[in-house]
Amino acid sequence: MVRVRYAPSPTGALHIGGARTALFNFLFARHHGGAFVLRIEDTDQSRQVPESEAKMLAGLKSLGIVWDEGPDIEGAPYGPYRVSERLGRHRELAEALLASGQAYRCFCTPEQLEADREALRQQGLPPRYVGRCRDLSPEESERRRARGDRFVVRLKTPDTGETVVHDLIRGEVAFDNRVFDDFVIMKADFTPVYNFAVAIDDHDMAISHVIRGEEHLSNTPKQIFVYQALHFPLPAFAHLPMILAPDRSKISKRHGATAVEEYQAQGIILRALTNYLLLLGWSSPDGREILDLEDAIQSFTLDRVQRTAAIYDIKKLEWMNHQYMVQLPVEDIVALVQPFLTYPVREAPPLSEVVALCRERATTLVQLADQIRVFYHPPESYEAAGVAKHFGEEAASRLEALAARLAQLEPWDHDHLAALYDALSAELGVKRAALIHPTRLAVTGRTVGPGLFELVALLGREATVERLNTAVQRIRSQALLVE
RNA sequence: GGCCCCAUAGUCUAGAGGCCUAGGACGCCGGACCCUCAUUCCGGAAACAGCGGUUCGAAUCCGCUUGGGGCUACCA
């Protein structure tokens, strides 16, 4: 039975790196008919950020990632799903290791340890624990504990041989055991350190495959030491390539949007973001790039995961978003753009028709909302470049003539509008464009947008004529607000 | 510093010894279409990090160099 997990630390929002890790775990589980577990890694209480857990869950859900077991799933079999609530088990096993002599109490103070490390660095040696407390007698150790001296628990790690990580993506990665010191497994407050807790929790939750970011590869041997000391069978490991910022550094705030919620706020369709993330470090066997979750589940395998770190590219994300903007059912886009409509929208013209007309020209939902606006609100100002180009000498009279004829046009549809413009341009002896551009500017305040006849047909006679007349007045009274 | 991972165009990638004159996608440049923009369609520039091996033959295997990244905490 395949069982995988995503174990985020609730220290903030869901970032794209974590989202990608969660996604790959989710896809792997579904592909193999296994279970996907969500575990909250809240070992270090001091680093907790309130609301962070809720944000994580919401972020994952919004991407279409769902889990079979987690802190919010009633009656899930391997609970609790918050590491902080599994403390008893960690303590129990730490005691067992202490009793069997595989771990020991270390009474060194942080200052002492720092001084030790500094001394080693001075000598050009790698900073590691010097082992001062490793050979304290059980009696001495017990005496100091009873006396109330503060201590941490360290695991005795092997000094010889090597530890090999069998990684499903990278193959065999060998580490010389001499590079590891006796690391801390329980802090002075008798709570576990990450490397200790994960190993226990993954085992206790019957995790079969540990799929996580590459930053964990170097720590995997430490976790293996824990498995070995506890006589736990090892899970399979797979370390995903990292996602880097455009300057090849680790992703951080200064690189712009990195959290899922930020992309959402910018009008990125989350399904598109998921699809984009899928392509960061994985490629489909048939070369397809637009894949929904179902497609992805079907073709996702670990052997097609890349070993090289990927740099995320906003441009491609935007392209992907546009693909979804155009390919999703209109009703979906209508629903998605709703939160971005910060202005009142009337019954007519129907929003779905407006969306259908505009979506091809919008990259994000924010842009789409901006374009939709003109269908419900007359322009208050006009683009400067457009005014200079299209609101010249004859503009007012032409627009006036247009308004007069449009008021009589029957029926009000694309073809008849086109015929009207053809006729008038012929009469005036000007190019049709000389009528079209001023009209667009008068009606929308902009120089770009949908084809004029589609636009006007949808906008309706009343609004069109009214806006035309308003523009005429403004031009004549030189009361044009230019932007 | 030590240890580990990685290395195909600006970016995401295909490629698992001959099928590679290195393919696709984003972006970029040029053109067509058009009432503008967008879409679409054509066309173009652009990469196997370097050096040594192995082999009849290497982007693919090995070594070294260089470069990038990660880990090295009583963070996760």
Side-chain angles (χ1 to χ4, degrees), chain A residues 7-11 41-44 46-47 83 106 108-110 113-114 117 120-121 123-128 150-154 165 167 169-170 173-176 178-181 183-195 197-198 213-222 239 241-242 244 246 248-250 276 279-285 287-290 303-304 306-320 322 326 358-363 371 386 389-390 418 421 425 431-437 439-441 446-453 455:
Chain A
S9 175
T11 51
E41 208 71 32
D42 56 348
T43 2
D44 189 347
S46 66
R47 292 188 9 141
V83 176
C106 171
C108 301
T109 63
L113 295 172
E114 188 41 51
R117 277 193 287 265
L120 288 168
R121 268 191 288 264
Q123 297 171 54
L125 295 170
R128 56 206 298 280
R150 281 177 73 80
F151 65 88
V152 298
V153 179
R154 288 182 185 273
V165 177
D167 191 285
I169 293 170
R170 283 151 217 281
V173 184
F175 295 84
D176 188 326
R178 283 173 299 190
V179 308
F180 300 101
D181 58 4
F183 63 96
V184 174
I185 56 175
M186 294 296 275
K187 308 176 194 174
D189 62 1
F190 216 50
T191 60
V193 132
Y194 170 77
N195 283 130
V198 255
E214 193 197 318
E215 66 270 26
H216 291 283
L217 180 55
S218 298
N219 278 324
T220 304
K222 292 186 180 177
H239 289 92
M242 309 228 345
L244 268 24
R248 299 204 142 274
S249 71
K250 213 167 179 175
Y276 176 68
L279 265 24
L280 246 33
W282 181 82
S283 61
S284 74
R288 284 178 60 201
E289 297 205 319
I290 304 293
D303 62 301
R304 293 198 64 83
Q306 185 86 4
R307 286 185 296 275
T308 321
I311 294 170
Y312 71 86
D313 177 18
I314 304 288
K315 280 290 197 332
K316 185 145 186 178
L317 205 211
E318 286 174 347
W319 168 81
M320 184 73 78
H322 184 256
V326 177
C358 294
R359 61 172 170 173
E360 191 171 272
R361 265 162 280 260
T363 298
Q371 290 179 35
K389 209 186 295 178
H390 306 303
Y421 273 74
S425 62
K431 282 199 272 187
R432 206 170 66 156
L435 260 26
I436 287 174
H437 292 302
T439 305
R440 178 178 289 106
L441 187 61
R446 303 175 188 186
T447 56
V448 303
L452 188 75
F453 306 135
L455 169 77

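By convention in this document, chain letters (A, B, ...) are assigned in the order of the sequence lines, proteins followed by strands, and residues within each chain are numbered from 1.
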Using the [atom1] atom in both, what is the distance from [N] to [M], to the nearest Å?
N      : M      : atom1 : answer
B:rG27 : B:rU60 : C1'   : 28 Å
B:rG63 : B:rA47 : C1'   : 24 Å
B:rG44 : B:rC3  : P     : 49 Å
B:rA58 : B:rC51 : C1'   : 15 Å
B:rC26 : B:rU21 : P     : 25 Å
B:rU8  : B:rC62 : P     : 16 Å
B:rA16 : B:rA59 : C1'   : 11 Å
B:rG10 : B:rC6  : P     : 23 Å

Among the candidates B:rC4, B:rG69, B:rA14, find the nucleotide nearest to the side-chain atoms of A:Phe175. B:rC4
N or O in side chain of [X] less than 4.0 angstrom from [N] OP1/OP2:
X        : N      : answer
A:Lys222 : B:rC4  : no
A:Ser218 : B:rG70 : no
A:Gln306 : B:rC6  : no
A:Asn219 : B:rU72 : yes
A:Arg304 : B:rG15 : yes
A:Arg248 : B:rG68 : no

What is the pairing partner of B:rA25, taking Watson-Crick or G-U wobble pairs with both distances under 3.5 Å in any strand? B:rU11
Please enumerate all residues that pass ring-ring contact (aromatic ring centres under 6.0 Å, His included) together with A:Phe453, with sequence neighbours excluded. A:His414, A:Tyr421
In B/S/- notation (B base, S sugar-phosphate only, - none; protein heavy atoms under 4.0 Å), nucleotides 23-45 of chain B written 5' to 3' is -BBB--------BBBBS------
note: A:Met186, atom CE; B:rC75, atom P; distance rounded to Å ~ 12 Å
